[in-house]
Amino acid sequence: MKSDFSRVSEEYLDLAITIKNGKAVINKSIKESIQKKGGWLQVVDSKGYVIGEYNTPKELPKRYSFTDILSMDLNNFRIHYWILEKENSSEVTIIYGEPLKSKQILNTLLRSNSFPNINTDFKEYLVKNDAWIQIYDASGNVVYSYHAPPNLKFTYTEILSMKKRPWNSKVDISSYYFKEKDRIFLVGTYNPYYSPDHITDSIISASFLKSFLIVFGTLIVFAIIISIWYGKKFGKPLLYMMKWINNMSKGNFMEPKDKKGRVPILNKKGSLHKRYKIFKEVVHSLYTLSKTLQQNEENQRRMEKTREEWITGLSHDLKTPLSSLYGFSALLASNQYQWSSEEIMEMGRIMKEKAVYMSELIEDLNLTYRLKNNALPINKEKTDIVSLIKEFLSTFSTTTEAKDKEIYFESAQDTIFLEIDLKWFMRILDNLLTNAVKHNKPGTKIKVKVESNHQRTIISIEDNGIGMDEETVKNLFNRYYRGGNTQDNDSGSGLGMAIAHQLVVAHGGEIVVESQKHVGTILKIIFYHTNDVQKTT
């Protein structure tokens with residue numbers, strides 16, 4: 001538009017010329033371009049009324065008829081048209097006229113009395129306006145020429161091309177057909193609108209390149225600013241959390257600190273820094289994970305220590321009877337002394353007792369590992385546990401360990417049927433009651449209570465003995481945990497309670513322990529009925 005207004009696009013005009021209240025508003029850029037070229041512009045609506053204009057000659061009408069528009073051929077001006085579609089599908093016509101010196105000179109010739117002859121006055125007029133004239137015949141030959149460049153001759157294609165794209169030609173031409181003599185009068189002047197496509201394209205390309213560089217540079221600056229902002233907002237917190245995770249993978253579970261020994265994610269008040277609030281849930285999860293990993297590591301160390309102590313105690317438990325077996329067998333094998341039958345029988349009894357103890361210990365080890373791997377078959381059958389427990393207690397009360405304890409049974413129901421594996425159920429009772437009598441003082445009262453409803457059956461073993469601390473209750477069913485003094489042969493292998501717990505779980509039940517030091521212990525075995533809803537604890 002700046003080089004040649006006639007080349008402006010319809011898209012630009014559609015944006016630069018707006019219709020408000022039936023009047024056209026022309027922007028400043030268009031007015032400046034028209035003024036620079038000495039042209040004029042009118043905006044005509046679909047009914048022919050001029051609704052906007054700029055720098056128009058006085059002779060131009062304010063309304064155009066159908067024939068006016070189609071026959072428009074103004075003296076001294078070249079006319080260009082654009083059709084624009086505005087709101088409500090209405091059309092407006094943009095008429096642009098630019099001064100055309102060659103046409104002005106041609107019209108002067110046509111109005112002279114000497115036409116079609118070229119007189120002296122017109123020749124002087126041509127020289128004065130730096131113009132020239134040529135006359136072509138029907139064959140395209142130059143039959144007359146004045147003040148034209150030497151050897152100048154146009155073909156009809158060149159003339160048509162100059163009329164179609166006048167900006168590509170250094171000369172501006174206007175033509176008139178003189179029908180009487182079948183001649184074409186051609187007047188030419190220097191083209192003030194000369195702006196060939198390759199020059200215009202280079203200007204546009206340079207402008208585009210400049211604009212592109214400006215936009216690209218702006219985007220780069222914007223990207224850098226966004227990157228810095230993003231780095232502070234997201235990148236730095238992400239890097240910190242990645243460092244924390246990396247530290248945890250190496251066994252360091254504490255949150256990383258900066259060079260000053262401060263935790264960056266916390267502000268001076270000790271709450272989460274504002275830049276980390278968007279990652280609040282992630283940070284909370286990292287703290288939870290860190291705490292869990294620390295607890296797991298501590299539990300692992302405690303487990304390893306407990307396991308070592310258990311193995312040490314178990315080795316002692318095996319070594320003691322082995323020492324007895326080795327000693328008695330060495331004595332019997334010696335021929336230095338003649339043993340009496342009573343002495344041999346006593347040594348045999350002790351050896352048998354130690355062998356049975358070792359056999360039971362090995363059986364317990366095998367049993368606990370089979371239970372851990374779900375390799376122990378449980379064959380359940382419907383059994384009256386009231387009569388079963390009564391019968392068991394009558395036998396258990398006569399054992400050496402239970403003679404100094406008061407054991408009694410309580411049940412509000414005469415019969416309670418339960419699906420159990422008889423052999424392993426008896427083992428559960430034996431292990432739990434043995435533990436109760438072994439670790440309590442003489443005179444301790446032990447009550448076995450059975451109660452049942454439509455949801456579950458509970459077997460309680462209650463005593464008023466020495467009770468247990470929180471640590472013992474927590475590890476009671478750990479197969480590596482040994483209550484009491486491991487140096488005492490009667491302290492147990494640490495497997496009895498673990499086996500009882502695993503057997504109860506294998507029956508689909510659970511064990512709940514409540515204990516208080518110097519008050520006593522309540523141990524509940526809960527069996528949920530098969531038709532019950534899912535249990536809750």
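Here the structure is a predicted model, which means the values were calculated and not measured.
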Could you report the tightest heavy-atom contact between [X] and [Y], atom names first, then the distance?
X      : Y      : value
Leu152 : Gln134 : O-NE2, 2.8 Å
Met241 : Val282 : SD-CG1, 3.5 Å
Asn247 : Pro256 : ND2-CG, 3.6 Å
Asp421 : Asn379 : OD2-N, 2.7 Å
Gln42  : Pro61  : NE2-O, 3.4 Å
Ser114 : Asn119 : OG-ND2, 2.9 Å

Using a 6.0 Å cut-off, check whether atom [atom1] of [X] has over 12 heavy atoms from anything other than its own residue.
X      : atom1 : answer
Lys243 : NZ    : no
Phe216 : CZ    : no
Phe208 : CZ    : no
Glu281 : CD    : no
Asn151 : CG    : no
Tyr156 : OH    : no

Is there a side-chain contact between [X] and [Y] (heavy atoms, below 4.5 Å)?
X      : Y      : value
Ile118 : Tyr144 : yes
Leu106 : Leu186 : no
Glu510 : Lys524 : no
Phe477 : Val473 : no
Ser460 : Leu523 : no
Val92  : Val44  : no
Leu418 : Phe527 : yes
Thr189 : Asp130 : no

Within the side chain of [X], is there an N or O that forms a donor-acceptor pair under 3.5 Å with the backbone of [Y]?
X      : Y      : answer
Asp172 : Tyr190 : no
Thr218 : Ile214 : yes
Asn252 : Met248 : no
His529 : His454 : yes
Asn141 : Asp137 : no
Asp68  : Ser65  : yes
Glu158 : Thr155 : yes
Thr472 : Met468 : no
Lys103 : Ser175 : no
Asp45  : Lys47  : yes

Side chain to side chain contact (heavy atoms under 4.5 Å, CB included), that's the test. Do Tyr528 and Thr457 meet it? Break it down for me.
CA-CA 7 Å; Tyr528 294 89; Thr457 297; over 6 Å; no

Mutual orientation of the aromatic rings belonging to Tyr96 and Trp82 [parallel < 30°, tilted 30-60°, perpendicular > 60°]
tilted

How far does [atom1] of [X] sit from [atom2] of [Y], to the nearest 0.5 angstrom?
X      : Y      : atom1 : atom2 : value
Ile83  : Ser46  : CD1   : OG    : 11.0 Å
Ser33  : Lys28  : OG    : NZ    : 14.0 Å
Ile95  : Trp40  : CD1   : CH2   : 6.0 Å
Ile245 : Ser290 : CD1   : OG    : 11.0 Å
Lys123 : Leu126 : NZ    : CG    : 9.5 Å
Ser227 : Ile220 : OG    : CD1   : 9.0 Å

Could you go through the ring-ring contact (aromatic ring centres under 6.0 Å, His included) check for Trp244 and Tyr287 one step at a time?
CA-CA 10 Å; Trp244 193 355; Tyr287 270 113; 4.9 Å; yes

Could you go through the side chain to side chain contact (heavy atoms under 4.5 Å, CB included) check for Leu41 and Phe5 one step at a time?
CA-CA 10 Å; Leu41 183 139; Phe5 188 85; 3.8 Å; yes

Do you see a donor-acceptor pair shorter than 3.5 Å between the side chains of Asn107 and Tyr176?
no

For Gln300 and Glu304, does a side-chain donor sit closer than 3.5 Å to a side-chain acceptor?
yes

If you draw the axis of the six-membered ring of Tyr49, does the NZ or CZ of Arg63 fall within 45° of it and under 6.0 Å from the ring centre?
yes

Show the numbers, then the answer: is there a ring-ring contact (aromatic ring centres under 6.0 Å, His included) between Phe122 and Tyr146?
CA-CA 10 Å; Phe122 185 73; Tyr146 183 77; 8.8 Å; no

I'd like to know if [X] pairs up with [Y] as an ion pair, taking the criterion as any Lys NZ or Arg NE/NH1/NH2 lying under 4.0 Å from an Asp or Glu carboxylate oxygen.
X      : Y      : value
Arg301 : Glu297 : yes
Glu53  : Lys62  : yes
Glu471 : Lys474 : no

Does Ile30 form a side chain to side chain contact (heavy atoms under 4.5 Å, CB included) with Tyr12? I'd like the steps, not just the answer.
CA-CA 10 Å; Ile30 289 181; Tyr12 179 78; 4.0 Å; yes

Quick check on the 6.0 Å ring-centre criterion: do Phe185 and Tyr136 meet it?
no

Would Asn191 and Val171 count as a side chain to side chain contact (heavy atoms under 4.5 Å, CB included) here? Give the steps.
CA-CA 5 Å; Asn191 186 6; Val171 294; 5.6 Å; no

